[in-house]
There are 2 protein chains.
Amino acid sequence: MLPFVRALSKRDRLSVAEITLLNSLPFRKVAFVPGAEIIAEDSRPGESCMVMRGFAARSHYLRNGGRQITALHVPGDFVDLHAYLLKVMDHGVAAINSCEVGFTSYDSIRRATEQSPHLGRLFWLSTVIDGAVQRAWITCMGRLSTKQRIAHFLCELYLRLEAAGIASDNRYALPLTQTQLGDLLGLSVVHINRKLQELRSTRLVDWKGGMVFINDFDALAELAEFDPTYLSLRIEPR
Amino acid sequence: MLPFVRALSKRDRLSVAEITLLNSLPFRKVAFVPGAEIIAEDSRPGESCMVMRGFAARSHYLRNGGRQITALHVPGDFVDLHAYLLKVMDHGVAAINSCEVGFTSYDSIRRATEQSPHLGRLFWLSTVIDGAVQRAWITCMGRLSTKQRIAHFLCELYLRLEAAGIASDNRYALPLTQTQLGDLLGLSVVHINRKLQELRSTRLVDWKGGMVFINDFDALAELAEFDPTYLSLRIEPR
DNA sequence: CGGTTTGTTGAAACAGCTCAAGAAATGTGG
DNA sequence: CCACATTTCTTGAGCTGTTTCAACAAACCG
């Protein structure tokens with residue numbers, strides 16, 4: 001089953017017909033090496049893409065060479081449903097690690113939404129959840145301490161990966177470098193490094209060898225003022 | 001004409017039937033005094049709302065009493081279309097100044113989208129543009145200097161107000177206090193105050209008596225690395 | 001007109017950045 | 001499986017940006 005279907009089914013009941021329709025969406029699968037550009041800034045794609053395996057990031061680059069990651073996409077994320085309506089990319093999408101992405105044409109998206117308006121709303125929901133995540137990031141960046149931001153990010157990612165069915169037991173593979181985490185949280189590597197050490201020393205969470213181990217999720221969430229409401233991980237008729 | 005219709009018509013061609021349909025959406029209009037809560041955090045609204053007059057803000061509050069504004073909504077913004085799909089509010093919406101808001105039920109939204117799938121996509125577009133604005137804010141907060149952040153915000157708001165038909169000639173009414181601007185950009189009032197003075201001293205922009213005067217939009221945009229692509233202010237078939 | 005909110009200023013403390021260098025981990029070709 | 005090159009992580013030191021606290025001035029409101 002597609003991780004996307006699994007993630008959707010954490011948010012609403014899907015009929016067998018809808019699952020069939022989703023599984024029959026024609027995906028052109030492409031593999032990307034770490035750092036490769038998946039969708040170029042300013043391009044006008046004719047397809048949307050979904051992460052099948054690995055991580056991808058949306059990012060903006062600045063004049064001084066600085067980078068800001070505005071979203072991290074994990075397996076099951078319908079990354080570029082936005083572009084179906086925005087038409088022009090205002091940012092680029094790149095592979096974080098070695099990853100596989102599926103492309104499907106706007107035509108097939110439109111056909112699916114016309115065949116099932118409910119599925120159309122679920123596609124819409126997927127973009128709206130992305131927006132909720134971005135709002136949470138804005139709050140983190142504006143008002144939380146560095147240690148809290150890191151903790152918040154680690155909590156969020158655990159729940160998202162769990163929803164996609166690729167994390168459990170409070171642990172998951174996180175293929176990010178500290179530089180990338182800095183670009184994501186809007187901080188320098190050096191500072192990330194130091195605060196990460198402080199966070200590790202609390203023993204609430206570990207991150208080594210590309211694996212995150214959350215030893216005390218509740219305490220970590222408490223530290224980060226993390227409230228999972230914004231992830232909409234509840235089954236509701238939508 | 002609704003400012004919402006005006007803003008949409010900057011992004012796609014609307015048929016007469018669609019404009020009629022929009023104008024016939026039943027809106028229950030409510031006036032709010034400055035600071036009043038329009039939608040409560042954690043509530044489950046049964047209606048979406050649109051700003052008719054004045055400004056409204058989404059915000060998160062933190063344990064220490066801090067506040068982060070994650071979106072500023074101006075006349076023509078269909079503020080709470082998100083909740084149509086999210087169901088539970090993960091944040092509150094409050095009036096910035098004295099404002100008028102129109103509420104319309106999820107039922108009428110659903111009827112309109114079923115009557116016109118194209119209008120449905122335009123509603124979806126409206127939420128996706130909100131997301132694009134949030135991504136731009138993330139980049140601002142993470143990687144721009146304070147002066148740039150202020151400048152970026154002032155540029156963005158001018159274009160959004162112009163699209164809604166309530167700003168022109170590089171000037172507009174901005175009913176924010178410096179404290180609110182700080183909550184929006186994730187900075188303290190004191191710092192906002194000092195950097196605002198520096199920005200004023202460049203003569204690129206003025207802000208006094210609740211009015212913003214952009215003396216040199218291009219130079220201000222250049223300073224802020226502002227690229228309006230993300231606002232999707234182009235007519236495209238969507 | 002007086003009370004309250006908003007804007008402005010100074011000074012000290014703290015958070016985060018940059019630069020630079022060395023240590024550890026990872027990847028690659030032989 | 002080792003040796004080497006490259007990337008990533010870690011550390012120190014000095015500097016810049018931002019916050020906090022506290023006070024006063026100016027603007028606004030009833």
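No hydrogens, no waters, no symmetry mates; every other heavy atom, side chains included, goes into these values. The sequence lines fix the lettering, A, B, ..., with proteins before strands; numbering per chain opens at 1.
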Check: Taking NZ, NE, NH1 and NH2 as the nitrogens, is one of them in B:E162 or B:R6 under 4.0 Å from a carboxylate oxygen of the other?
Finding: no
Next item on the list: Using the salt bridge (Lys or Arg N to Asp or Glu O under 4.0 Å) rule, collect all pairs that involve residues 91-101 of chain B, keeping only residues at least two apart or in two chains.
Entry: none
Margin query: Between P on C:dC14 and NZ on A:K195, what's the gap in Å once rounded to a whole number?
Written below: 12 Å
Notebook entry, point to check: In whole angstrom, what separates B:L187's CG from C:dA15's C1'?
Noted result: 13 Å
Note to self: So, using ring pair (Phe, Tyr, Trp, His ring centres under 6.0 Å) as the criterion, who are the partners of A:F55 when residues are at least two apart?
What the structure shows: none
Margin query: Restricting to side-chain hydrogen bond (donor to acceptor under 3.5 Å, both in side chains), what partner residues turn up for A:D218, sequence neighbours left out?
Written below: none
Donor-acceptor pairs are to be reported for all side-chain atoms of residues 29-41 of chain A against protein atoms at under 3.5 Å, with residues two or more places apart or in another chain.
none

Check: What are the residues of residues 141-148 of chain B, sorted by number, that bring a heavy atom to within less than 4.0 Å of DNA chain D?
Finding: B:T146
Check: By side-chain hydrogen bond (donor to acceptor under 3.5 Å, both in side chains), which residues pair with B:D77, not counting sequence neighbours?
Finding: B:H73, B:R160
Check: To the nearest Å, how far apart are B:H191 NE2 and C:dA11 P?
Finding: 17 Å
Next item on the list: Give me the first and last nucleotide of DNA chain D, going 5' to 3', that has any atom under 4.0 Å from a heavy atom of chain B.
Entry: D:dT18 to D:dC21
Mind listing the side-chain donor-acceptor pairs of residues 134-146 of chain A below 3.5 Å, one per line with the distance, residues two or more places apart or on another chain?
unit_1, atom_1, unit_2, atom_2, d
A:W137, NE1, A:E156, OE1, 3.0
A:W137, NE1, A:E156, OE2, 3.4
A:T139, OG1, A:R135, O, 3.3
A:R143, NE, B:R67, O, 2.8
A:R143, NH2, B:G182, O, 3.2
A:R143, NH2, B:D183, OD1, 2.9
A:R143, NH2, B:L187, O, 3.4
A:S145, OG, A:Q148, N, 3.2
A:S145, OG, A:Q148, OE1, 3.4

Please produce a list of atom pairs where a protein N or O lies less than 3.5 Å from an N or O of nucleotides 5-8 of chain C.
unit_1, atom_1, unit_2, atom_2, d
C:dG7, OP2, B:Q178, N, 2.8
C:dT8, OP2, B:Q178, NE2, 2.8
C:dT8, OP2, B:N193, ND2, 2.7
C:dT8, OP2, B:R200, NH2, 3.4
C:dT8, O5', B:N193, ND2, 3.3

Check: Who pairs with B:N97 by side-chain hydrogen bond (donor to acceptor under 3.5 Å, both in side chains), at least two apart in sequence or on another chain?
Finding: none
Item checked: B:R203: salt bridge (charged side-chain N to carboxylate O under 4.0 Å, His left out) partners, not counting sequence neighbours -> B:D206
Next item on the list: With sequence neighbours excluded, tell me which residues meet side-chain hydrogen bond (donor to acceptor under 3.5 Å, both in side chains) with A:T127.
Entry: B:W124
